[in-house]
Amino acid sequence: MKIDYLSEPNEKQALIYHVINLIPFGCVASYGQIAELAGLPGRARLVGKYLGQACASRAISWHRVVRSSGQLAFEKGSEQAKIQTSKLQEENIAVLNHRVSMSEFQWKPSFYE
DNA sequence: CACATGACAATCT
DNA sequence: CAGATTGCCATGT
């Protein structure tokens, strides 16, 4: 597996960004799922932290990351939430009541991805 | 060193 | 389903 972002200050951050960019078009993944795939089980909060640091300055598909419940992480009605909603809808992902259906849209990575 | 703060999550009430 | 509780750990004060 090719790892991007090797210039990041630490490896965890690099892996997290890498995994996020592996989420395919039309799918979403939870913070915990990203952490697990990056080899950091149980550290969903770390994903959120690094994502917040990076989304402003890097090309990361942050809009495909949602809570395990399917709820968007941003406050309902906020600008960020609106932007995320439109980005998801552009990928044919339905966003109803500030949430997406995980059973329909959650990314199920295959082993070799 | 103690304490607070996160774009979170599993579990219990 | 809504809250509250607890676990998590890097960072900043």
Side-chain angles (χ1 to χ4, degrees):
Chain A
M1 174 192 287
K2 179 175 178 294
I3 306 297
D4 297 323
Y5 300 109
L6 288 179
S7 60
E8 287 303 327
N10 71 65
E11 190 182 346
K12 295 173 190 169
Q13 211 167 343
L15 278 166
I16 287 171
Y17 296 154
H18 174 68
V19 173
I20 290 174
N21 281 338
L22 286 181
I23 305 171
F25 181 98
C27 293
V28 295
S30 73
Y31 293 81
Q33 185 180 1
I34 300 298
E36 191 167 288
L37 291 170
L40 301 166
R43 280 168 246 187
R45 304 194 70 146
L46 204 57
V47 173
K49 181 183 212 316
Y50 288 149
L51 200 48
Q53 291 178 357
C55 70
S57 57
R58 287 165 232 269
I60 292 174
S61 52
W62 57 271
H63 59 284
R64 300 191 182 124
V65 185
V66 300
R67 290 186 181 164
S68 59
S69 63
Q71 280 276 142
L72 302 194
F74 292 113
E75 186 184 355
K76 187 174 183 180
S78 67
E79 279 310 304
Q80 290 289 291
K82 290 175 187 169
I83 295 171
Q84 183 170 21
T85 297
S86 60
K87 279 179 168 288
L88 291 173
Q89 293 176 333
E90 282 170 24
E91 303 194 3
N92 302 311
I93 296 173
V95 181
L96 300 176
N97 276 323
H98 202 59
R99 78 187 300 165
V100 309
S101 164
M102 292 306 265
S103 57
E104 287 182 69
F105 303 109
Q106 183 170 36
W107 175 35
K108 287 150 194 158
S110 60
F111 188 80
Y112 293 104
E113 281 184 290

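Within every chain, numbering begins at 1; the chains are lettered A, B, ... in the order of the sequence lines, protein sequences first and strands thereafter.
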*Looking at residues at least two apart in the chain, or sitting in another chain, which of them share a side-chain hydrogen bond (donor to acceptor under 3.5 Å, both in side chains) with A:Glu36?*
none

Is there a path of hydrophobic side-chain contacts, each under 4.5 Å between heavy atoms, that joins [X] and [Y]?
X: A:Val47; Y: A:Leu22; result: yes
X: A:Phe105; Y: A:Ile83; result: no
X: A:Leu88; Y: A:Ile23; result: no

Could you check which residues of [range] get a heavy atom under 4.0 Å from DNA chain B? Sort them by number, please.
range: residues 91-101 of chain A; result: none
range: residues 76-90 of chain A; result: none
range: residues 29-38 of chain A; result: A:Ser30, A:Tyr31, A:Gly32

Residue list, side-chain contact (heavy atoms from CB on, under 4.5 Å) with [X], at least two apart or on another chain:
X: A:Pro24; answer: A:Cys27, A:Trp107
X: A:Lys12; answer: A:Asn10, A:Leu40, A:Leu46, A:Tyr50
X: A:Ala44; answer: A:Tyr31

_Non-hydrogen side-chain atoms of A:Val66 and A:Met102 separated by less than 4.5 Å_ = yes

*Name the first nucleotide and the last nucleotide along DNA chain B (5' to 3') that come under 4.0 Å of a heavy atom in chain A.*
B:dG6 to B:dA10

Sort me out a list of protein N/O and nucleotides 11-13 of chain C N/O pairs below 3.5 Å, or just none if empty.
{"from": "C:dT11", "atom 1": "O4'", "to": "A:Lys49", "atom 2": "NZ", "distance (Å)": "3.4"}

Calculate, to the nearest 0.5 Å, the distance between atoms [atom1] and [atom2] belonging to [X] and [Y] respectively.
X: A:Leu15; Y: A:Ile34; atom1: CG; atom2: CD1; answer: 11.5 Å
X: A:Ile16; Y: A:Glu11; atom1: CD1; atom2: CD; answer: 10.5 Å
X: A:Gln33; Y: A:Ile20; atom1: CD; atom2: CD1; answer: 11.0 Å
X: A:Arg45; Y: A:Leu51; atom1: CZ; atom2: CG; answer: 14.5 Å

*Gap in Å between the two C1' atoms, one belonging to B:dT5 and one to C:dC8, rounded*: 13 Å

*Can you tell me how far P in B:dA7 sits from the matching atom in C:dT6, rounded to whole Å?*
22 Å

*Counting distance only, does the side-chain N/O of A:His98 pair as donor-acceptor with the main-chain N or O of A:Phe74 below 3.5 Å?*
yes

*Give every residue pair that meets the side-chain hydrogen bond (donor to acceptor under 3.5 Å, both in side chains) criterion with at least one member in residues 61-73 of chain A, sequence neighbours excluded.*
A:Asn21-A:Ser61, A:His63-A:Glu91, A:Arg64-A:Glu91

*asked:* Ignoring hydrogens, what is the shortest heavy-atom contact between A:Val65 and A:Ser30? Give both atom names and the distance.
replied: CG1-C, 4.4 Å

*Tell me, which pairs form a salt bridge (Lys or Arg N to Asp or Glu O under 4.0 Å) where one or both residues lie in residues 71-83 of chain A, sequence neighbours left out?*
A:Glu79-A:Lys82

What's touching nucleotides 5-7 of chain C from the protein side, N or O pairs under 3.5 Å?
{"from": "C:dG7", "atom 1": "O6", "to": "A:Arg45", "atom 2": "NH1", "distance (Å)": "3.3"}

